[in-house]
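Here is the structure we will look at, set down as structure tokens.
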Number of protein chains: 2
Amino acid sequence: MKNNETILLGHGSGGRLTHDLISGLFVKYFRNELLLVQGDSALLPHLSGKLCFTTDSFVVDPIFFPGGDIGKLAIAGTVNDLAVSGAIPLFLSAAFILEEGFPLADLEKIVQSMANEAENAGVKIVTGDTKVVERGKCDKIFINTSGVGTLHTGLEGIVSAENVQPGDKIIVNGYIGDHGMAVMSARNKLQINSPVESDCACLNGLISDILQNHTTVKFMRDATRGGLGTVLAELCQHKTFGINLLEDKIPVRENVRGMCELLGFDPLFVANEGKVVMVVAAGSANLILSQLQQHPLGKDSAIIGEIVENHPGKTWLITSVGGKRIVDMPAGEQLPRIC
Amino acid sequence: MKNNETILLGHGSGGRLTHDLISGLFVKYFRNELLLVQGDSALLPHLSGKLCFTTDSFVVDPIFFPGGDIGKLAIAGTVNDLAVSGAIPLFLSAAFILEEGFPLADLEKIVQSMANEAENAGVKIVTGDTKVVERGKCDKIFINTSGVGTLHTGLEGIVSAENVQPGDKIIVNGYIGDHGMAVMSARNKLQINSPVESDCACLNGLISDILQNHTTVKFMRDATRGGLGTVLAELCQHKTFGINLLEDKIPVRENVRGMCELLGFDPLFVANEGKVVMVVAAGSANLILSQLQQHPLGKDSAIIGEIVENHPGKTWLITSVGGKRIVDMPAGEQLPRIC
């Protein structure tokens, strides 16, 4: 691949250029026996257990940012959607919409990054698609990944918001707001003393460790678009319980807090791409916390609040000085194209 | 939904507007018990049999055209990829990338069209995603559908290009080139005496009828981008057999032929969205043909050629006056954004 080569409309034709792109790039990096067949669909090996199926499109701007890129994000996002559903992520699809003129070298970097992240997470990219649109008709590159996985044995009906009850503890596996502020600083080319890195990561290993040892996890969600605040507001919406969130227990890095103050964002609503929110039975909360802390992606885990009987349907943020405010889903958009 | 409402960036925020869009539009039309759960992934009911998994993104321009729209296309395209793999299509995902300012009324029309087509095909849309990009950063709407289905019993290793051999017959289920010319005429607002309609349709019913009655289908592919010519050129590439294609047996409508001549296209390479190419054992070709012809989507089916021993790796088009020319995969792009 020469340095100055770019995507042509012909790469999306279904003809020779498409075939060259598939074999020279996608099959080269995603290499696995299922993808090599290159049929109209991938025939999966026998799967035992119930199946989970999910999809996500990625339109992040910029496509490269500290701590990741659109490719890494596309793998982690879909892997995490399966993992927080209690499933073992197994097979992904990858569909690309490319802008005519997009540098092939950038595409190669992104595909390589997807391949690395997929390998780390133990998932295979088994089927794909490539479309090319004319210059100016999309913004560089959009990626859709869909995924299938099998539910961890014995988990059906266990990880369910229906089981959440007053007294349960809320855990997050580390610092919040990193991804949003990393993308924001890259987008605006901000000069920051201590740059923020995205937390973009596949959480299936971390989550699997917990699910294999504990049956007291009642709810999990990855706090992506909308952030931690939206996940919790959504969790107790129309429910018979409320949530108390302890502001000084929520891990926020100093540089993220600084950027948020400067730019007028609330870290509670800033996107993460490697954070899971868990609701667990009170009795096992400390055990789960210490197990999370042993994992590289969970070392800064913290218990940040609990499920309460009063103020049902509402999430309250209890500040360090004892004040409180309601955490509500934001109506509009804080940060477009964060993922 | 008011007539003048449009997509806002907030519809992709993951917050309140996203939720309103999901419940007010997607869940309303795609309504099924699996989608209603609205988890991070859909938990599928127990599936017996081997699984097929596929993905496709749709960027067709214009989004509405005679005989269909981007929504109908997004369902048919993925259903057909599963069907030609010998699978029964069951569950689809639907992921939308929307341009800020896109009319909600158009989105509703498209979602309704997807719901209708999914119902016709007997598939359920069980999981989804919505992203919004700023005005000018995509062209109105792009849709990704991924799909899972189970392989028809006993078909593994049967429908396989490995089994194709000299003497086998090639069948197509009707007129070719309709989709490409329908989109082309809509795109260029051509005034044509007898307008062309897209053949966009889900073929799973038609294909299933054949597979349940015949075990002599050796190869199936839907002739989309790249058309019939590309499918056949690809089929015999690097193989020990060649293909003879009989020009005067290939169904091409008069108005499609006329448009192609006028615009300089070869119908062989024009996209279809409701055409399957089958290679079947010679002995059962007539039986399969007559069964195809009994189905509304197969009434114009024809045997259009055969697998031959000579000229291995090459497809020859035999003209009505006995001439011949090689059918090769086009290098570039005839018609960008046809699907």
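No experiment lies behind these values; they were computed from the predicted model shown. In what follows, chains carry the letters A, B, and so on, assigned in the order in which the sequence lines appear, proteins first and then strands, with residues in each chain numbered from 1. Values below: all heavy atoms of this structure, side chains included; hydrogens, waters and symmetry mates excluded.
- We find that A:Asp328 and B:Arg16 are joined by a salt bridge, their nearest charged nitrogen and carboxylate oxygen being less than 4.0 Å apart.
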- side chain to side chain contact (heavy atoms under 4.5 Å, CB included) between B:Asn144 and A:Ser146, intermediate numbers included: CA-CA 9 Å; B:Asn144 176 284; A:Ser146 300; 4.2 Å; yes

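- Looking at A:Leu51, both its backbone and its side chain come within 4.5 Å of chain B, counting heavy atoms on both sides.
- With a threshold of 4.5 angstrom between heavy atoms, A:Val126 approaches chain B through side-chain atoms but not through N, CA, C or O.
- For A:Phe142, the part lying under 4.5 angstrom from a heavy atom of chain B is the side chain only.
- Using a 4.5 Å heavy-atom cutoff, the side chains of A:Ser93 and B:Phe53 are in contact.
- Separation of atoms CD1 (B:Ile97) and CD1 (A:Ile143) is listed at 10.0 Å; rounding is to 0.5 Å.
- At a 4.5 Å heavy-atom cutoff, the contact between A:Leu92 and chain B is made by backbone atoms alone.
- For chain B, the nearby part of A:Thr130 is the backbone; its heavy atoms alone come within less than 4.5 Å.
- Between A:Lys131 and B:Asp56 there is a salt bridge, since at least one side-chain N of the basic residue sits less than 4.0 Å from a carboxylate O of the acidic one.
- In this structure, the portion of B:Thr230 lying under 4.5 Å from any heavy atom of chain A is its side chain and not its backbone.
- Counting all heavy atoms, side chain and backbone alike, A:His46 lies closest to B:Lys50 at N-CE, 4.2 Å.
- Of the listed residues (A:Glu99, A:Met329, A:Lys137), the greatest number of heavy-atom pairs within a distance under 4.5 Å of chain B belongs to A:Lys137.
- If you measure heavy-atom distances from B:Glu234 to chain A, the contacts under 4.5 Å come from the side chain alone.
- Neither the backbone nor the side chain of B:Ala161 comes within less than 4.5 Å of any heavy atom of chain A.
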Can A:Thr127 and B:Cys52 be said to form a side chain to side chain contact (heavy atoms under 4.5 Å, CB included), step by step? CA-CA 10 Å; A:Thr127 186; B:Cys52 289; over 6 Å; no

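- A:Asp129 contributes a side-chain N or O that, together with a main-chain N or O of B:Ser57, makes up a donor-acceptor pair within less than 3.5 Å.
- Considering only heavy-atom pairs separated by less than 4.5 Å from chain A, the leading option among B:Ala42, B:Ala95, B:Gly39 is B:Ala42.
- Annotation: maximal heavy-atom pairing with chain A below 4.5 Å, among B:Leu34, B:Leu151, B:Thr224, B:Asp139, occurs at B:Asp139.
- In terms of non-hydrogen atom pairs under 4.5 Å with chain B, the most contact-rich of A:Ala233, A:Gly229, A:Cys138 is A:Cys138.
- Here the side chain of B:Thr54 pairs a donor or acceptor atom with the backbone of A:Asp40 at under 3.5 angstrom.
- Ranked by heavy-atom pairs under 4.5 Å with chain B, the list A:Ala271, A:Gly227, A:Gly128 is led by A:Gly128.
- Considering only heavy atoms from C-beta on, B:Val148 stays 4.5 Å or farther from A:Leu44 through its side chain.
- For chain A, the nearby parts of B:Leu43 are the backbone and the side chain; heavy atoms of each come within less than 4.5 Å.
- Only the backbone of A:Ala94 comes within less than 4.5 Å of a heavy atom of chain B; no side-chain atom from C-beta onward does.
- Environment of NZ in A:Lys314: sparse, with no more than 12 heavy atoms of neighbouring residues, nucleotides or ligands closer than 6.0 Å.
- Among A:His19, A:Lys140, A:His11, the residue with the largest count of heavy-atom pairs under 4.5 Å with chain B is A:His19.
- In this structure, chain A has heavy atoms under 4.5 Å from both the backbone and the side chain of B:Leu17.
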